[in-house]
Amino acid sequence: MKPILVDGHLDLAYNALIMGRDLLRPVTEIRAQEAETPSPGPPSGSCMTTLPALLEGRIAVVGASIFVAPAMPGTLEPQVYHTPQEAFRHAVPQLDYYRRLADENAHIVLLHTDADMEAVLVSWNTEQPQLGLFLVMEGADPIRAPGEVGWWVERGLRGVGLSWLAGTRYAGGNAAPGPLTDEGRKLLSAMADYNLLLDLSHVWEDAAYEALERYPGPVVASHANPRAFVDTPRQLADALIRRIAARDGVMGVMPFNLMLDEAWRRGGARLPLTRVAEVIDHICQITGAASFVGIGSDFDGGFGREAVPEGLESSADLGKIGPLLAERGYTDSDIVAILSGNWLRVMRRVLVAF
C-alpha cells in the first residue's frame, strides 16, 4: 500500500473565500470553470489543490493556513487590510470556513487534540479515510494583541507564522527587513503558554534567529527552500536550517520552480521533479539525517500547475517524490519520515498539550 502524506502548508481557506474555488469539487472542474470565468483573485495559474485531490493523493493531514493580505503598493488582491482590526475581520471568516468544513463533511477533521490526529491516521486503514486540518496562521497581524492568542486557540488555531513577506508589527518579513519587535516577543510568550507551533517561513533572518533563541516550543519553516538553490531572503540559509533541525523541527520543501532554480522564470519550461528530491537531499545532508524535512507545497498560494515541476498535475501527485528519493538511496523508513512522519512528530508535540 502507498504511504500517506502530510502537506505542511496550504492556503485552502484563502482559495475558497478569495479565489472563489469550491474545494469540494475535483481540480479538473475548477480548471474548466476558470477557463470560462477567471477567479476573482489575483492571477495564480491553474488550480492544483482541492479536497478530492488531497484524498486521492493519500494526504492525511495538511497545515491549513489562515492568510490575509496586507495593503501593499501594486497589489492585485481583492481584499487587503490596513489595520490589525481589519486583519482580524478578514481572518475570522477563514477560521469559520475551516470549522464549517469539518462540521459539514464527515471526511474532514479539525485537529484539536492528539486523539483527533490518531483517529484520522487510523481512518486510512478503512474505506472512509479522513483529512485532518492543522490550523496555522500565516502572518500574525490578525492577532490584534498577544493577549488574544487564547481566543484563537479555543477555536482551533495550533500554530502561528510571525510574518508574511511584507512583515507584520511582530517581525520583519522577507521583503521587509526588520527585527523581532517588542510586541513580537510578547506574542512568543503568549504562544508558549499553549505550546503552539512557531512557523519561521517568511520571517526576516535576524528576527528568525532571535525567535529561535526565545521560543521554547516546536519550531518549523512550513514552506521554504534552501538558499543554496535560490539566493534570496525568502529562502533559508544552511545555518538557519541546521538551527531548526537542532530544535527537532521540520522544513517543508516547496515544489515551486521559482524557489528551486535561480534561472527559472515564469512562463519557462517546467523543471524536472528530480530537482525536488535534490533539494530534500540537500537538507538531509546538511542536517545529517532524514528527520528534519517534509513537504510544504503551498500549492495555489500564488502559483499553479505551470510553475511546478513536471509530473505534478495536482496534489494527488505529491507521492511521486517517494520513488525519486528511493533512487537516491533513501530507505523506506527515511521516505516515510520525509513524506509524513517528520511532520506528524512535530504536530503531535503541539496537539498533546490539548
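Residues take their numbers from the sequence shown, with the count starting at 1.
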Less than 4.0 Å between a side-chain N and a carboxylate O, is that true for Glu118 and Arg348? yes
Any ion pair linking Arg25 and Glu34 (charged N to carboxylate O, less than 4.0 Å)? no
Run the side-chain contact (heavy atoms from CB on, under 4.5 Å) test on Asp300 and Arg21 for me, step by step, so that the C-alpha distance in whole Å, both residues' side-chain angles and the decisive distance to 0.1 Å come before the verdict. CA-CA 11 Å; Asp300 297 340; Arg21 289 170 167 170; 3.6 Å; yes
Please name the pair of heavy atoms, one in [X] and one in [Y], separated by the smallest distance, quoted to 0.1 Å.
| X | Y | value |
| --- | --- | --- |
| Gly217 | Val219 | O-CG2, 3.4 Å |
| Thr168 | Ala140 | CG2-N, 3.9 Å |
| Gln130 | Ala106 | NE2-O, 3.1 Å |
| Thr49 | Ser315 | OG1-OG, 2.7 Å |

Roughly how far, to the nearest 0.5 Å, is the [atom2] atom of [Y] from the [atom1] atom of [X]?
| X | Y | atom1 | atom2 | result |
| --- | --- | --- | --- | --- |
| Thr274 | Glu310 | OG1 | CD | 11.0 Å |
| Leu260 | Met254 | CG | CE | 8.5 Å |
| Ile108 | Leu55 | CD1 | CG | 7.5 Å |
| Asp7 | Leu12 | CG | CG | 8.5 Å |
| Asn105 | Leu51 | CG | CG | 7.5 Å |
| Gln94 | Ser65 | CD | OG | 6.5 Å |

Membership question, hydrophobic clusters at under 4.5 Å side-chain separation (ILVMFWY): are [Y] and [X] in the same one?
| X | Y | value |
| --- | --- | --- |
| Val346 | Leu240 | yes |
| Leu325 | Val250 | yes |
| Ile59 | Val120 | yes |
| Leu17 | Leu135 | yes |
| Phe292 | Leu339 | no |

Please step through side-chain contact (heavy atoms from CB on, under 4.5 Å) for the pair Ile338 and Ile280, ending with a clear verdict. CA-CA 9 Å; Ile338 293 165; Ile280 291 172; 4.0 Å; yes
Are [X] and [Y] side-chain neighbours, meaning at least one heavy-atom pair lies under 4.5 Å?
| X | Y | answer |
| --- | --- | --- |
| Phe134 | Val6 | no |
| Met72 | Trp164 | yes |
| Gln235 | Thr232 | yes |
| Val253 | Ile321 | no |
| Val62 | Leu133 | yes |
| Leu258 | Val230 | no |
| Ile244 | Met251 | no |
| Arg185 | Glu210 | yes |

Going by the angle between their ring planes, with limits at 30° and 60°, are His223 and His202 parallel, tilted or perpendicular? perpendicular
Checking side-chain hydrogen bond (donor to acceptor under 3.5 Å, both in side chains) between Tyr14 and each of Glu77, Glu138, Gln79, which is the one that passes? Glu77
For residues 74-99, which residue pairs qualify under ring-ring contact (aromatic ring centres under 6.0 Å, His included), counting only residues two or more places apart or in two chains? Phe88-Trp151, Phe88-Trp152
Quick one: does any side-chain atom of Thr50 pair with a main-chain N or O of Leu24 as donor and acceptor, under 3.5 Å? no
Glu313 side chain to Arg305 main-chain N or O, any donor-acceptor pair under 3.5 Å? no
Regarding Arg247 and the six-membered ring of Tyr215, is the cationic atom NZ or CZ under 6.0 Å from the ring centre and inside 45° of its axis? no
Val149 and Tyr194: side-chain contact (heavy atoms from CB on, under 4.5 Å), yes or no, with the steps? CA-CA 9 Å; Val149 167; Tyr194 298 95; 3.9 Å; yes
State which residues pass salt bridge (Lys or Arg N to Asp or Glu O under 4.0 Å) with Asp116; sequence neighbours excluded, sorted by chain then number. none
Please identify which of these residues, Leu111, Val153, Val136, meets the side-chain contact (heavy atoms from CB on, under 4.5 Å) condition with Arg158. Val153
One pair to check against side-chain contact (heavy atoms from CB on, under 4.5 Å): Val293 and Val279. What are the steps and the verdict? CA-CA 10 Å; Val293 63; Val279 170; over 6 Å; no
Is the CG atom of Asp332 crowded by more than 12 outside heavy atoms at less than 6.0 Å? no
